[in-house]
Amino acid sequence: MWHEKVLFIIFAVIAIASALNILLQRSPLYSALSLIGTLLSLSALYLTVHAQFIAAVQIVVYAGAIMVLFIFVIMLLNVPKDQPQIEKQKGLRYLAIPFAGLMIAEMFYVLRPIRLTTLPIQPGNPEQAVGTTWSIGTALFTDYLLPFEVTSVLILMALVGAMVLARREGD
Amino acid sequence: MVPLSWYLGLSAMLFTIGAVGVFIKRNAITIFLCIELMLNAVNLTLVSLSGFFGDVGGQLFVFIVMTVAAAEAAVGLAIIISIFRNRESLNVDEVDTLKL
Amino acid sequence: MESLRINYHAILPETITASVAVLIMMIDAMARKIERRVAGTVSLLGLIAAAVAVASLWGRPVETYFKGMIITDDFRLFFAMIFLIVTFLTVLISLRWVEDESLPTGEYFALLMFATTGMLFMSAANDLVMIFLGLEITSISTYVLCGYRRRDLRSNESAMKYFILGSFSTAFLLYGIAFVYGATFNPAANPVATTNLQLIRERIAAPGQLFSGPMLLAGAAMMIVGFGFKIASAPFHVWSPDVYEGAPTPVTAFLSTGSKAAAFSSFSRVFILTFAAMPFALSTGAAHTLQSAVTDTLVVMAILTMTIGNLVAIVQSNIKRMLAYSSIAHAGYALIGIVAGDWRAVAFYLLSYVLINIGAFGVIELIARRGDKRVEITDYAGIGFQSLGLSSALSLFLLSLAGIPLTGGFVAKLLVFKSAWAGGFHVLVVIAVINSAISWYYYLRVIVAMFFAEAATGFKAPAVARSMAAAIVLALLGTLYLGILPGRVLDTLESARDQMTQTRK
Amino acid sequence: MNFFHTEPLLAIIIMAPLIGAAILGLLGKRMGERLIGLIACSTVAMSAILSFYLFFKHHAELEQGQKFYDYLFTWISVGTFRADASLLLDSLSAIYILFITFVAFWIHVFATGYMRGDKGYWRFFAYMNLFMFSMLTLVLADNFLLMFVGWEGVGLCSYLLIGYYFTKDFANDAAKKAFIVNRIGDFGFALGVMLLFLKAGSIFYFDDPARGIHGAFNWAFSQVHDPLALSAIFAGGITTIAVLLFVGATGKSAQLPLYVWLPDAMAGPTPVSALIHAATMVTAGVYMVARASSIYSHAPTAMMIMAIIGAATALFAATIGLAQWDIKKVLAYSTISQLGYMFLACGVGAFGAGIFHVFTHAFFKALLFLGAGSVIIGMHHEQDMRRMGGLKKYMRITCLTMLAGWLAISGFPLLSGFFSKDEILFKTFTSVVLPAPWPRILWFIAAVTALLTAVYMTRLIVLTFWGDERFMDADSASSHSNEGHGHAGKPHESPMSMLVPLIVLGAGAILVGFVGVPEILSVGQTGNYFEHFIHQSVEGPTTQFDAADAGGDWYRQFIEEQRVEWILLIVSTAIALIGMGFGWVWFKRKPLWEPPSLLEHKYYVDEVYDAAVVQPIKQGSINVLWKFIDVRIIDGAVNGAGQLADLFGGTLRYLQSGLARSYVALVVLGALLIIGYFVIR
Amino acid sequence: MDEYLLTIIILLPLAGAIALLLIGRGDKSNENVLKWTALLFSLATFLVSLALPIGFSKGAGLQFETNVEWINAFNLGVRYHVAIDGLSLWLVILTTLLVPLALLSSWNSIHKRLREFLVAMLALETGMLGVFVAMDMFLFYLFWEVMLVPMYFLIGVWGGERRIYAAVKFVIYTVVGSLLMLAGIIALYYLHGSATLNFTFDIATITNDVRTHALVLDPETQSWLFWAFALAFLIKVPLFPFHTWLPDAHVEAPTAGSVLLAGVLLKMGTYGLMRFNLPIFPDAAHQWAVLISSLAVVGIIYGALVAMVQPDLKKLVAYSSVSHLGFVVLGIFSFTDQGMQGALYQMLNHGVSSGALFLIVGMIYDRRHTRLIAEFGGLANVMPVFSTFFMIVTLSSIALPLLNGFVGEFLILIGTFTSTLLPHAKLFASLAALGMILSAVYMLWMYQRVIFGEVRNTSNLNLADLNFREKLVLAPIAVLVLVMGVYPSLFLSRTDQTIQSIKARLGGQASLPASSGSITSQAGLPAPPGQP
């Protein structure tokens, strides 16, 4: 199925290129936009493993909501361009290549033996197909009921936290 | 078919790029973006595993990770805002009064 | 299909703390100028209620609920009690402080309660998802708490560093979880892949059932990074001195005890009760490799942690920072318990450690005054006899940290060392012992400053609020109780059941 | 016949002075001088009377070598080691307590006059009584450890009394020196006792069936003779014990090389010099050797060493005595010299002769010292003979009694010293303990010493009592070695309390020799009474060098005949007379003849000791042990460990650069390492 | 009653300390009340403790025993087990005696923080007593460590110029040793537990199991454990070359602290050696005896030589302690009755005489506020009574017969000399005997420089002689010095059986008590003991 591989390679290349672009850009705004590129290509890759729901959520929530929040903050803070770019410990950047190389090598060493090449046959009934809204919804309110509920605590807490930090003095 | 290991490999590369980005970038927001990239790399692993295994658990995990990422984003950005208010800078290298 | 097993009793403590957090926010929202007393009292009452709930769960059969997400074993409950004690004392030492610093009161206590909820979930978790969630709730709320003094550069910096490094390490933890999830794939089983700890344990234990041994190992390694970060063990400890120093003192107290203890609970749950559940000699294949690799790594980490913590603590001049290094060292001692595979020793260690440390930070907070001004050890010169009570209390806490008998610190060390010795880690024990000796030096420095040095000018004995006094006295009594009459607690621990003793339904 | 008896009165002999000392020590400060003197003298008198009483009461038994015990209590008893506080009276200790208490009593009497007006009168007599207790304990002990008690006790009292004038630095130095040098000897003594215990399993001298005690000397009797060889000293056998004990004796009895304390000890009040440093304490070494004769007689090497050291000391001290100006120093060297004789006697196996010399020496030397004391008092605390002269007309009685002492010590026929010294010379010459030619060499040395003795004693008498009156012109340059502050004025005779003892002792010096008249001189009696009596307790030499090896039959016959004794008697008489005559003539003519400075400076021995022993130890302790090893090395290591920890801490803290990014890098590094380790497993 | 006696003795000083904390707060003028309270409590402790030797039976076993379960979880088997035997009996009495004397001696010399000072003293007493009576390793370690704290404060708060350095050095030194001991305790506990399935910290049980071979430790393990314990004890003793904390601690500590430090604390090291190292690790004790004895001998000579040249009185006495304690260690490792009895006795002697020396130094320090020998001279003229007491103590310290020091030193020497279990015993004994000479040198020289001569320093001209209180302090010591020298059987007879039982474990034959063989039983020549 060479076209699937081509498709994978295209999105993978986009994802990696955008990811690298995050590092290469000086401006956080462009970095954020690059990240969105990665997110979108990931979303496409999700589809290739039949994770439709997550792919959608990736676009809607991640690329949509979260990244917008980022960009909003970037705009809000509006860091002056002429700010001197102090860099202490310049040596760190030279660690990037060896560290990255080592990490990728280690990961590949681990992942190399994995020989799973076929996705399970998707049954015709969406109720049994993994990745559909149905199956995810079902699992969310059965198996993952508690985590799901607990996320509400998390979000509430984050709300309170963000509020208390970000509001101006005297509020 | 595209083998599972390709997905996992891609994920590893993205994770690595994110991890490296965290320590070579100096802008707090960019660093944060790199962390988000790492989370997404993990998500890719989870989703692809889940897809290849035919097990919904991984995708639910991703769903929760996204929530967490959102929460983290909110708080993280609040912290960045708060520090920017005091320092008028986002360069993390300037934030080193606590050391040794 | 397994039943859902919804049981609200099983998550009652967590429910109570979360609800109290919400309640505080609501009170805060309704009454514009909330009295610290109200928020504090509500928190304290909530904590007591949660403690009662924990107690009510004690002794019930070890079972999992919510599809295996939650377990009610004594392991969880014991740790839950530690967390509740931590928060209780933290609330007590914060009551006056929040007001003095004129910080948003409601949010503060609410965040504390949220953090507690997260910690409770961490110890209750029987699934990596729950561990992850609990960890995140705890972490994110403590990020906020670290930066709680918003105008203070040090507090900002503390929050930022904690946040960057915390979420970075979370990514590792998450990646590790993902790998473990992948490694336990078994097409013949239901579910085919899992994050449930008991299932993971069974699959590791059963020979040849793993999808990928290397993935399991790599996953475990990355989880060590994640947990190692949270417990501040070397080489992942670097954040903690900066964060502890910069954070407001009560938060430091909370951070160095509560979140550390929570991380240890999950660490123990995953690495002792799940990964190393098989006796080492009986394990084979990946499980065997995993155990030996984990043990080796943790031994090295424990040694590094203790040694770096103690050595660098010697050269510190800021008492908060010194205690930060000291708490790194203590993480090293507690790690020995994990190496030895004895979570009971770890639990007791943490129980005594949290009491001591919060007590110590309470005194430091009092002496530091508003805005953490007096935190250099030189500021302690000669205050010993000017405020004898506080200084004596601090001395006792420090000595207890050093491990002097009659205090919890000693019994805790003894237990940990004993387990390690029984496990054959003789060299580790000796190194730990030498480290203890080193640690005396810097603990004594504070006592030297307080009692032996000439009085520094401008010290006035601080007025001790009743809540603060209560906290210090409680911590003191607790420390002494654990040192002199540890029998009850130890008996309880000894009879405590963990998930291993569960009969699976 | 019961060989062992019990005599409870023995305890009183030692206790009486102790009680006296206790009373004086605790209450004496508030007493008058008369009362103090009364208490002090009466306690000693009580001991003396008891000693005489017991001597005569048990004379018959003692003469048969029977023993009297007085068991008080068990002092130390640990494992097999046992030391009792128990006393033993046999012929040896009986003789000793007799002359000790007798002489001591008269010296006490003398001292009541001599010390009159001294601020520390009570203290002085407390010490003196304490000394008597110690000395009597030493003598009456029935085991080596209790002897050691007395041994150290007399050392302590000697220390206290030498340093009696404690504001004087030289006195303090002398006292300290005496104690320390004695301790060096005691070191040997203690080791000897320990080795004896190791070998014999007991430190008691003799059996006492009543207590189940087995004497150490039984073991000695069972020993085969060690060969006469240096190696025997280090063999750890009986010879080693004997040599170690003798080291103790050289300390206490001021023999080479440990004699140096005795001349300095003259810093003490003169009665002290008379009692302790002439009559009693210094002869403790001889007593001990005689007591341990069973051991020595099985250790020919030790005997030989003892004989040689004794002879050498005798000669050495005599030469120094020739050149001293201080009247007490002359007497001190004379004492050392005489002690050398005693050891020579013991060394050649003539323990009886040695003890006999102790006995006579006690009288005449005490007399000489007391006489010197009388002179010193009469001269208003002047001791330098260069500022004396012509005193005979001022101090007639003192002069007369001193003359008796002079004649006695010089060996004038029929006086006490004559008998004892002659005995020693004779026994040396005819000794069968030493291989030839040693007896003759030692005899020659002893004879030369006898000549010198006569010369320097004559010098003392001449310089003091005859010649010009040199004291009038030199009062301003009062010697630094004065005991008190000199007051210019005419010499005067001493009070009766001082003269009576002089007279008594003078009589003694003349007469006591007759208890030990040698057989050839004795009229109507067989054998030497004294020797016979003593030999009930003292074992004669058991070594016999076959004289035939050395000189053939004629020689054996020669020495076995009485003729040789006569010849030697005449020779020694001649030596004494020649010495006295030469001295008289020479020093009458040249009283202020400058002796060779080597002699005047005592061969510079003190200086050599100081440079070779004292200073190296002191400087080494300061600069090497303390300031280098202790401070630099050990403490340096300790502090260095601390600094090392500091250094490590100071280095490791730079991990903490303060930059979040570097922390991240560190986390990544750690993660890579751990993952890498896990992966390659 | 017997059962609780020791507990009462331990807790009485603690009760005193608590009472002191409670009474008369805030009132400045009640110093006398505080002093009297402390003194009465310590005296009461002493009086109660006198019941111990009276009720003591001369057997080897534990007496006045209390044995209660304390912590039983996790097989810990920690017990509150206190008891005394011959080893600890007199050390307890020594402690209870020295504390009131020390308190009395500093009656007027503590000018700041009197209450806290007294509290520290009494707490220290509890700690010291606890060490001697604890029969459980956990309990032993507990007292061993806890006692550090009051001592640390005594040095650090009421000490001299360099008190901080001294206090920290003292604690760190001790802690390094004692933590290694903790590792040793844990290891021993574990080894014993796994061998006998009886997990316990009980010293008596473990000792007994070693004796009955229920617990057999292989030589290498023994060596490790031996050193884990020995290091702690040898540092405390202190044996050369672990001694450098001692001079500093002594010099800086206040008089009362020095007295207890020298009098009692140092004994803990030697006590520990006899309580743990010899009975529990007999093979290792044999194996290392030569090394330790060598160090002891070096310590004897070295300590004496360095003491000789010290310009500071306290330092001199401190180094003399190094020398004296060297004797004790040597005696212990002679493995003979005489050596060990002597060692035990010498501990008491040293406690009495060096305690007294520090009292004496404290007395002149109170008057002149200096301890430099060069500052004094001629004190006999102005302080005759003082000089007399000083002389007695000096003589005791140089082991004059009929005073206490002699009995101990001689027993040690003869024990060492005749030891068949210690290689090179004769050499060690001979070298150690040099200490007798040297002690005379440094003590008498010091005495001479302080007491004799003319008064050169005018500030010494008007020194007051001892007052009644000071005489009261020194008189019992003088009496004790004499009694212990003249009639040691009073003490030795109660320790004999215990020493025998320790010795029995060391492979030496138990000897018949106190008899040098009799003619009736041994016809002919007695075989010298100790010869194969």
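Residue numbering restarts at 1 for every chain, and letters A, B, ... go by the order of the sequence lines.
The shortest heavy-atom contact between C:Leu388 and E:Glu116 is CD2-OE2, 3.3 Å. Closest non-hydrogen pair, C:Pro405 versus E:Glu145, comes out as CD-CB, 3.2 Å. Residues C:Leu490 and E:Ala73 share a closest heavy-atom pair of CB-CB, 3.2 Å.
Comparing E:Val157, E:Leu76, E:Ile172, E:Leu182 by how many heavy-atom pairs each has under 4.5 Å with chain C, the most go to E:Val157. For the set C:Gly483, C:Gly487, C:Gly403, C:Ser436, the entry with the most heavy-atom pairs within less than 4.5 Å of chain E is C:Ser436. Each of E:Tyr189, E:Phe153, E:Trp224 has some count of heavy-atom pairs under 4.5 Å with chain C, and the biggest count is that of E:Phe153. Comparing E:Gly193, E:Gly184, E:Ala183, E:Ala187 by heavy-atom pairs within less than 4.5 Å of chain C, the highest count is held by E:Ala187. If you tally non-hydrogen atom pairs under 4.5 Å between each of E:Phe138, E:Tyr152, E:Trp158 and chain C, the highest count goes to E:Tyr152. Your options are E:Val171, E:Ile185, E:Leu191, and the one with the most heavy-atom pairs under 4.5 Å with chain C is E:Val171. Ranked by heavy-atom pairs shorter than 4.5 Å toward chain C, the options E:Val78, E:Leu142, E:Ile71 are led by E:Leu142.
Residues of residues 173-181 of chain E having a heavy atom under 4.5 Å from any heavy atom of chain C, listed by number: E:Val175, E:Val176, E:Leu179, E:Leu180. Proximity to chain C at a heavy-atom threshold of 4.5 Å picks out nothing from residues 117-134 of chain E.
Side chains of C:Phe452 and E:Ile155 form no contact here, defined as non-hydrogen atoms less than 4.5 Å apart. Taking the side chain as every heavy atom from C-beta outward, C:Arg445 and E:Val168 never approach each other to under 4.5 Å.
Between the side chain of E:Trp70 and the main chain of C:Leu485, no donor-acceptor pair closer than 3.5 Å is present.
Within the model, atoms CD1 of C:Ile404 and CG of E:Leu148 stand 6.0 Å from one another, a figure rounded to the nearest 0.5 Å. Note that CZ of E:Phe74 is 7.5 Å distant from OG of C:Ser419, once rounded to the nearest 0.5 Å. One finds the CG atom of C:Leu415 at 9.0 Å from the CD1 atom of E:Ile186 (value rounded to the nearest 0.5 Å).
Looking at E:Ala228, there are no atoms closer than 4.5 Å to chain C (heavy atoms on both sides), in backbone or side chain. For a residue to count as touching a neighbouring chain, one of its non-hydrogen atoms must lie under 4.5 Å from one of that chain's; by this rule C:Leu493 touches chain E with backbone and side chain alike. In this structure, chain E has heavy atoms under 4.5 Å from both the backbone and the side chain of C:Leu414.
Salt-bridge formation is detected for the pair C:Glu454/E:Arg163: a Lys NZ or Arg NE/NH1/NH2 atom is positioned less than 4.0 Å from an Asp or Glu carboxylate oxygen.
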